[in-house]
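Some notes on the structure that comes next.
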There are 2 protein chains.
Amino acid sequence: MTINYPVGTHHYRTLKTNKTRTGRTTKKVLFGKRGMGLEDEINLANDYYLANRLAVVHKKPTPITIVKVDYPARSAAKITEAYFKQASTTDYNGVYQGKYIDFDAKETKNKTSFPLKNFHEHQISHLASVLTQGGIGFVIIKFTSLNENYVYPASELIKQWQHLNGKQSISYQEIVDKSFVVSESLNPSLDYLTAVDKMLELLH
Amino acid sequence: MTINYPVGTHHYRTLKTNKTRTGRTTKKVLFGKRGMGLEDEINLANDYYLANRLAVVHKKPTPITIVKVDYPARSAAKITEAYFKQASTTDYNGVYQGKYIDFDAKETKNKTSFPLKNFHEHQISHLASVLTQGGIGFVIIKFTSLNENYVYPASELIKQWQHLNGKQSISYQEIVDKSFVVSESLNPSLDYLTAVDKMLELLH
């Protein structure tokens with residue numbers, strides 16, 4: 001069964017339609033940041049927060065195992081063999097009004113559920129450690145097909161992970177019920193800290 | 001004028017002396033972690049803090065610009081061209097009893113001063129942003145020749161950076177006066193959080 005949620009789709013305004021060489025139709029989006037990936041939107045929000053002294057949050061670099069490095073004369077060192085490494089923590093952390101915040105960002109095209117395979121075991125245990133230490137943990141979940149963004153508390157994620165044994169999916173409704181919606185905003189386009197404020201009011 | 005500080009040097013116990021093929025004499029250190037780099041010592045301390053639920057602190061991965069990636073059939077993606085990128089933040093951050101901590105680690109062989117060229121401008125401004133946001137910022141400075149480690153508050157570093165215009169060096173005595181010494185310890189060998197506790201008592 002496919003459920004169609006109309007929310008958000010009306011925000012897409014088609015500028016013009018092009019045919020690609022393979023015959024696929026591509027649409028150009030007129031308004032703003034709709035075509036951006038979640039990561040770009042979060043980076044823009046973090047730039048805005050930093051410039052306005054609201055928070056200091058950075059994305060961690062991609063973890064890599066370096067095997068071979070060349071040092072060409074008079075040039076910068078060049079890495080010629082390296083491999084991607086599985087991250088042992090989440091992608092983002094920082095400080096917000098003296099508090100430690102720690103989160104990951106995940107997007108899904110799925111409209112009815114959020115698959116837990118988006119996470120690794122040690123990301124979950126990292127978030128659990130953060131909560132134990134009094135930090136604020138969450139996930140920003142974007143349902144791309146619905147253009148909806150949620151701040152989903154780490155405590156709920158951990159509960160569901162244990163309940164579902166790290167497999168299967170969390171239902172869309174469960175996420176909506178337990179999350180704090182990131183409302184439409186102009187600058188930053190993804191004002192996730194306002195949703196975090198609501199979470200802190202309720203949970204702390 | 002060279003000042004010899006005897007502190008710490010007696011901790012080196014020579015196990016045996018080997019001659020290498022080039023005729024250089026190498027010494028093997030008997031006791032513990034003396035031969036370790038500062039980064040290794042901090043990583044071990046962070047492992048200890050995590051396992052004992054005292055703090056969650058991780059080193060950030062080295063920032064890299066990836067240019068070319070090969071995807072060999074049935075193997076992991078292989079990065080074949082990449083370059084080191086200047087870090088825009090410090091190397092370590094995390095949460096300690098609900099508080100955000102953020103620091104960098106620097107070692108110097110120098111016995112009388114600590115050269116400011118160890119820092120980049122944006123590392124200093126990052127630490128300034130962290131302090132503005134109510135976070136705890138500092139640098140762990142190791143004088144390798146003296147085997148002395150200090151937790152030097154970010155507020156002092158920023159003051160000296162402005163005073164010396166990002167050039168020159170901070171004198172050893174200035175660092176000793178304004179820092180919190182990391183005492184000898186067994187496990188972890190570099191128990192920097194105990195020094196941070198002393199800093200918090202005085203500064204907050």
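Labels below follow one simple rule: chain letters A, B, ... track the order of the sequence lines, proteins then strands, and each chain is numbered from 1. Note that this is a predicted model, so its numbers are computed, not measured.
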*Between chain A and each of K68(B), H58(B), Q133(B), count heavy-atom pairs under 4.5 Å; write down the option with the most.*
Q133(B)
*Just by distance, do the side chain of Q97(A) and the backbone of G134(B) share a donor-acceptor pair under 3.5 Å?*
no
*Taking heavy atoms only and a threshold strictly under 4.5 Å, list by residue number the residues of residues 114-128 of chain A that touch chain B; give 'none' if the list is empty.*
H126(A)
*asked:* Using heavy-atom distances under 4.5 Å, tell me whether I66(A) contacts chain B through its side chain, its backbone, both, or neither.
replied: side chain
_side chain to side chain contact (heavy atoms under 4.5 Å, CB included) evaluation trace for N93(B) with V95(A)_ = CA-CA 10 Å; N93(B) 71 356; V95(A) 55; over 6 Å; no
*asked:* Does anything in residues 69-79 of chain A form a salt bridge (Lys or Arg N to Asp or Glu O under 4.0 Å)? List the pairs, not counting sequence neighbours.
replied: none
*Student check: side-chain heavy atoms of I64(A) and T62(B) closer than 4.5 Å*: no
*Find the one option among I101(A), L54(A), D102(A) whose heavy-atom pairs under 4.5 Å with chain B are most numerous.*
L54(A)
_Less than 4.5 Å to any heavy atom of chain A: does that hold for the side chain of L50(B), its backbone, both, or neither?_
side chain
*Under a 4.5 Å heavy-atom cut-off, does chain A meet the side chain of T80(B), its backbone, both or neither?*
both
*Pick one of side chain, backbone, both or neither for V69(B), based on which atoms fall under 4.5 Å of a heavy atom in chain A.*
side chain
*Can you name the nearest heavy-atom pair linking P63(B) to P61(A), along with the distance?*
CA-CB, 3.8 Å
*Please name all residues satisfying side chain to side chain donor-acceptor pair (under 3.5 Å) with Y92(B), sequence neighbours left out, ordered by chain then number.*
none
*asked:* Counting heavy-atom pairs under 4.5 Å with chain B, which one of A76(A), G94(A), S129(A) comes out on top?
replied: G94(A)
*Write out, in numerical order, the residues from residues 81-90 of chain B with a heavy atom short of 4.5 Å from a heavy atom in chain A.*
E81(B), A82(B), Y83(B), F84(B), T89(B)
